[in-house]
Amino acid sequence: MADSKQYLKLAELSFSIESAQLTAGLPDPYWCDTYNQGDGKKLRWRLKVCAEGMDVDDTFWPPSILINDFPLRGRNWRDLEDREYALGGPDNERSAEFSGSVFVFQHGSIRNARLKFVGRDSTVFSIRCAGLCDIYFDEQYDRNIAFCLAAAPRFSGITVAGCERDTLATLRSRLDQYLNVSDFNQGEIQIGRRPYDSGVGTVSCRFTPKG
């Protein structure tokens with residue numbers, strides 16, 4: 001079950017959680033081939049947690065944490081439960097491919113941290129993350145500040161990007177290379193506002209998880 005106790009602690013400072021969201025995206029292979037030398041064709045997970053801002057020493061702090069690209073080995077999104085990841089440390093064999101950052105006044109790195117999905121209630125996960133981060137505020141809150149996060153992000157879905165040549169079937173087939181598409185409800189194709197520089201139009205499709 002998702003834990004109701006949610007907070008972000010930066011050293012001795014404790015912030016309440018305002019929002020927490022887990023999403024994923026699958027880039028358009030046409031864009032990857034045309035503009036990124038064929039790289040980037042993979043499912044990319046994204047965890048974003050925003051804390052409620054508060055005044056610290058007459059300065060407003062609005063902390064947030066962003067963690068990108070942690071891998072899921074398996075085809076069921078529910079298998080994130082009980083998974084644990086190392087962030088920014090020597091025990092992270094693929095640290096260049098998934099990382100985390102803290103934002104208070106500017107983006108600061110997360111290091112020597114562990115992210116764990118400790119429970120799930122339908123599409124809401126309970127997560128814990130603790131380690132060191134950089135804040136860059138003053139001598140007291142500068143680098144290597146201990147942090148601890150407890151939050152309950154909702155998995156809101158996956159956006160599959162494509163181009164004007166795609167159909168609902170091709171977008172669905174692309175996601176099926178990574179996850180069981182039967183675990184999702186597929187939305188309609190959305191036409192992008194701007195085409196690529198090549199003139200090829202852009203589209204996307206949203207897949208929302210079944211609890």
Side-chain angles (χ1 to χ4, degrees), residues 18-51 62-80 83 85 87-88 94-110 115 122-125 127 151 153-211:
E18 182 176 74
S19 64
Q21 189 174 48
L22 175 66
T23 59
L26 192 55
D28 176 15
Y30 173 84
W31 179 89
C32 295
D33 290 336
T34 307
Y35 301 103
N36 203 39
Q37 299 180 327
D39 294 333
K41 298 177 184 178
K42 67 175 184 177
L43 187 66
R44 306 175 70 96
W45 291 90
R46 185 175 190 266
L47 172 66
K48 185 174 183 180
V49 180
C50 297
S64 61
I65 284 185
L66 179 64
I67 299 174
N68 287 316
D69 296 346
F70 44 91
L72 172 61
R73 297 175 179 86
R75 295 183 52 81
N76 191 330
W77 64 265
R78 301 172 185 86
D79 289 342
L80 279 171
R83 293 296 175 94
Y85 301 94
L87 300 170
R94 302 175 64 191
S95 59
E97 296 193 30
F98 57 101
S99 60
S101 64
V102 171
F103 182 88
V104 183
F105 307 100
Q106 58 181 298
H107 290 286
S109 298
I110 286 176
L115 167 67
S122 186
T123 58
V124 178
F125 288 91
I127 63 162
R154 179 179 298 278
F155 177 37
S156 59
I158 298 174
T159 298
V160 179
C163 70
E164 62 186 24
R165 304 165 187 172
D166 278 301
T167 64
L168 286 172
T170 62
L171 296 171
R172 183 179 180 87
S173 175
R174 196 172 301 149
L175 179 59
D176 193 48
Q177 297 177 37
Y178 298 89
L179 297 172
N180 299 322
V181 293
S182 59
D183 290 333
F184 296 87
N185 296 309
Q186 183 175 8
E188 297 298 322
I189 285 184
Q190 302 297 314
I191 307 300
R193 293 184 178 181
R194 296 181 180 178
Y196 296 122
D197 291 342
S198 63
V200 173
T202 61
V203 301
S204 64
C205 185
R206 188 74 170 168
F207 290 79
T208 55
K210 300 175 182 178

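For this chain, numbers begin at 1 and follow the sequence in order.
- The one candidate from Ile110, Leu115, Leu47 that meets the side-chain contact (heavy atoms from CB on, under 4.5 Å) condition with Ile65 is Ile110.
- Between Trp45 and Phe155, the ring center distance clears the sub-6.0 Å criterion.
- In terms of heavy-atom proximity, Gln21 sits nearest to Pro153 at N-CB, 3.9 Å.
- The main-chain N or O of Arg78 is found under 3.5 Å from a side-chain atom of Asn76 such that the two form a donor-acceptor pair.
- When each of Thr23, Asn185, Thr159 is paired with Arg206, the side chain to side chain donor-acceptor pair (under 3.5 Å) condition holds for Thr159 and for no other.
- Residues Ile158 and Leu179 are in side-chain contact: their nearest non-hydrogen atoms beyond the backbone lie under 4.5 Å apart.
- Note: Lys42 NZ to Cys32 SG = 11.0 Å, rounded to the nearest 0.5 Å.
- Atom-to-atom distance recorded for Asp33:CG and Asp39:CG is 9.5 Å, nearest 0.5 angstrom.
- Aromatic ring pairs are classed by plane angle as parallel below 30°, tilted from 30° to 60° and perpendicular above 60°; the pair Phe184 and Trp77 is tilted.
- Side chain of Arg83 to backbone of Arg73: a donor-acceptor contact under 3.5 angstrom is found.
- Atom NZ of Lys48 is surrounded by 12 or fewer heavy atoms from other residues, nucleotides or ligands within 6.0 Å.
- Closest of all the heavy-atom pairs between Leu171 and Gly162 is CD2-CA, 4.2 Å.
- A heavy-atom distance below 4.5 Å is found between the side chains of Val104 and Pro63.
- With rounding to the nearest 0.5 Å, the separation of OG in Ser204 from CG in Leu26 is 12.0 Å.
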Do Thr202 and Arg193 pass the side chain to side chain contact (heavy atoms under 4.5 Å, CB included) test, and can you show the C-alpha distance, the side-chain angles, and the key distance before you say yes or no? CA-CA 8 Å; Thr202 61; Arg193 293 184 178 181; over 6 Å; no

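- For Val181 against Arg172, the heavy-atom pair with the smallest separation is CG1-O, 3.4 Å.
- In terms of heavy atoms, Leu168 sits closest to Cys205 at CD2-SG, 4.1 Å.
- With a 4.5 Å cut-off on side-chain heavy atoms, Leu66 and Phe103 do not count as touching.
- Atom OG in Ser173 sits 10.0 Å away from atom CG in Asp166 (nearest 0.5 Å).
- A salt bridge is defined here as a Lys NZ or Arg NE, NH1 or NH2 lying under 4.0 Å from an Asp or Glu carboxylate O, and Lys210 with Asp183 fails to meet this definition.
- Between the Tyr85 side chain and the Pro71 main chain, a donor and an acceptor come within less than 3.5 Å of each other.
- Minimum heavy-atom separation, Ser101 to His107: OG-ND1, 4.0 Å.
- Leu80 contributes atom CG, which lies 6.0 Å from atom CZ of Phe70 (distance to the nearest 0.5 angstrom).
- Considering CZ of Arg46 and CG of Asp69, their distance stands at 10.5 Å, rounded to 0.5 Å.
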Verdict with reasoning, Asp28 to Tyr196, per side chain to side chain donor-acceptor pair (under 3.5 Å): CA-CA 11 Å; Asp28 176 15; Tyr196 296 122; 2.7 Å; yes

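- Annotation for Thr123 and Pro209: closest pair CG2-CG, 3.9 Å, computed over non-hydrogen atoms.
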